[in-house]
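All remarks here apply to the structure that follows.
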Number of protein chains: 2
Amino acid sequence: MPSSRTCAATRESQDSALSSEDYDAFHQQLRARYATLPPRLKQIADAVLASPDDVALGTVSSLAAIARVQPSTVVRFARTFDLNGFSEMQAIFRDRIRSRSISYGERVNALHAADGSPASASALLDGFYEAALASLQAMHHHMDRTRLDEAITRLAQARRIYILGLRRSMPVARYLSYLFTKMEISHRIIGLESGMEDEAMLSAGPEDAAIVISFTVYAKRTIELFRALEKRHVPIVAVTDSPASPVIPSSGLWLEVMEADFMGFRSNAATMALVMTLATAVAERRE
Amino acid sequence: MPSSRTCAATRESQDSALSSEDYDAFHQQLRARYATLPPRLKQIADAVLASPDDVALGTVSSLAAIARVQPSTVVRFARTFDLNGFSEMQAIFRDRIRSRSISYGERVNALHAADGSPASASALLDGFYEAALASLQAMHHHMDRTRLDEAITRLAQARRIYILGLRRSMPVARYLSYLFTKMEISHRIIGLESGMEDEAMLSAGPEDAAIVISFTVYAKRTIELFRALEKRHVPIVAVTDSPASPVIPSSGLWLEVMEADFMGFRSNAATMALVMTLATAVAERRE
DNA sequence: CTCCTTATAGAACGAATATTCTATTTATTG
DNA sequence: CAATAAATAGAATATTCGTTCTATAAGGAG
């Protein structure tokens, strides 16, 4: 073999094939053999898994420094996986970066895939991505920080927190419940287990609190339960999308979240982020 | 100046700063001066604008080949833009790739390393906002569009779609179920109603399909149910965070989603957006 | 039309990097 | 416990790659 540097040859032979498959194959092998790897090679495996971009963009020395091993060990590592050397391994990681970002032309083609056919998956992803992004940014920008603090204070003082969110808002309610459970905050979801909600609310009172999550078109059941809570003088924090919303409590304590929608489906990214904030803030306030 | 190779020095001086700003500045200057550029340099400008990844990942020669000019012309091109050489230009493009894939740890550190005191509600909101944003962007950028299409095809062909997602992923699973219900797509959640999952899965077979959503630390129950599905030869689409994930199906059909976490709580914004894409795309495919 | 400036191409140079080789240390087996 | 095999570290080697230099061509100004 006249040349030991196989990098160029490898890249040339692969440039036509889109190969994130090679990457997957490599990772699969890595996972399979990880347990039986010698200590130094294991260090490298960790580094490779942790920051694949450093493999793609860096050098033998840089990766060796990250993994705290000798450069030659990095080469040995590559050889262990049926590769001719570091360069060949790096080519796999570089091809992956290349295959991920599709060219602009392809994306445009995908969008108006002609023949009036349905929007491509890629276009849908773009749409939902944009909707989530816009919702998040709007929420983050418009959120009234003072009211947010008030809401947290109110919730932190509560004996038990009732969560109300149906239909679209149901996953958010359930996630909030999950968070409260992990943080050992006394709470209860209402409206989801049919028939039991009235009974569950019988114990709710002024020393408790409730989070009501609802967006247009406000579910009838949500409004009913909201009114029942108000009648029992339960302090309420509303998360909703308009000052004219039917679930704004008499205390005026509500947080505005406007979720964008795409193809008729509303994002919930902003509400999720807000709910996480509420949960962690309440937990911290209580210590 | 003893050494003309400024690459190393440049990278060292920039490694702490997040610099897609440099990239933006470069592009701005490129657009401004494009019209007045000599013919060969214009060729290079075209190539650079068309495939920035090739600048980041390739060599002087490879870029020269793409632009159909001499390597030295590429260097001249870089010098024209107040850079010391090709390497410095390449560094800008590489930093961009790096900054796109979460340098998330630093951002979080900046948040609550400001002072030892407990984070304010506002800071928490910022944190969860950033986490969601980073997750969304990373997912959108890294998603393998080809695999996404494959996944949708697989799901669209299924008689019934089984949904598996526990713990953190439970809200996503439930939301997906909600979407499928609205779209009248036959489906079933498994693993959530205790004890019933085995029974529910008895009817699952090769003509069905399953979506498995799981992230580190992969819930034991999820892995068990995943294996049961595989044993029954149910085609599986996995949504997970690593090529080394235990829920990657034998078919290799999986979608990568890396959710950033803040304060120990992982975002689910990216997964939500992806799940919406899957649901609407499957519905559209079936018409 | 000639001179001068700018642009380009190709070759030569120098630096950095990947790879290989050998000595030494660390496990593993009889 | 000894002996062999494997793993590791560090230095030496070879090649690729970025840069610079010089000759040639093209375009403008006087």
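Numbered from 1 within each chain, the chains take letters A, B, ... in sequence-line order.
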Take atom [atom1] of [X] and atom [atom2] of [N], then tell me their distance rounded to the nearest Å.
X       : N      : atom1 : atom2 : answer
A:Leu57 : C:dT17 : CG    : P     : 14 Å
A:Leu41 : D:dA6  : CG    : P     : 14 Å
B:Glu88 : D:dT20 : CD    : P     : 12 Å
B:Leu37 : C:dT8  : CG    : P     : 9 Å
A:Asn84 : C:dA18 : CG    : C1'   : 13 Å
B:Arg79 : D:dG18 : CZ    : C1'   : 11 Å
B:Phe77 : D:dT19 : CZ    : C1'   : 17 Å
A:Gln43 : D:dA7  : CD    : P     : 15 Å

Tabulated below should be each protein N or O lying under 3.5 Å from an N or O of nucleotides 9-11 of chain D; please produce it.
| residue | atom | partner | partner atom | Å |
| --- | --- | --- | --- | --- |
| D:dA9 | OP1 | A:Arg40 | NH1 | 2.3 |
| D:dA9 | OP2 | A:Thr73 | OG1 | 3.4 |
| D:dG10 | OP2 | A:Gln70 | NE2 | 2.4 |
| D:dG10 | O6 | A:Ser72 | OG | 3.1 |

Kindly point out which of D:dT8, C:dA18, D:dC17 is positioned nearest to the side chain of A:Ser87? C:dA18
Heavy atoms from C-beta onward define the side chain here; which of D:dT19, C:dT17, D:dT8 lies closest to that of B:Phe86?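 Per side-chain heavy atoms of B:Phe86, the pick is D:dT19.
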Between the side chains of [X] and [Y], does any donor sit under 3.5 Å from an acceptor?
X        : Y        : value
B:Ser267 : B:Asp261 : no
A:Ser122 : B:Arg145 : yes
B:Thr240 : B:Glu256 : no

Should B:Thr277 and A:Tyr129 count as side-chain neighbours, where that means a heavy-atom distance under 4.5 Å? no
ring-ring contact (aromatic ring centres under 6.0 Å, His included) partners of residues 38-85 of chain A, not counting sequence neighbours, each pair once: A:Phe26-A:Phe81, A:Phe77-A:Phe81
Using 4.0 Å as the upper bound for N to carboxylate O, is an ion pair formed by B:Glu224 and B:Arg227? no
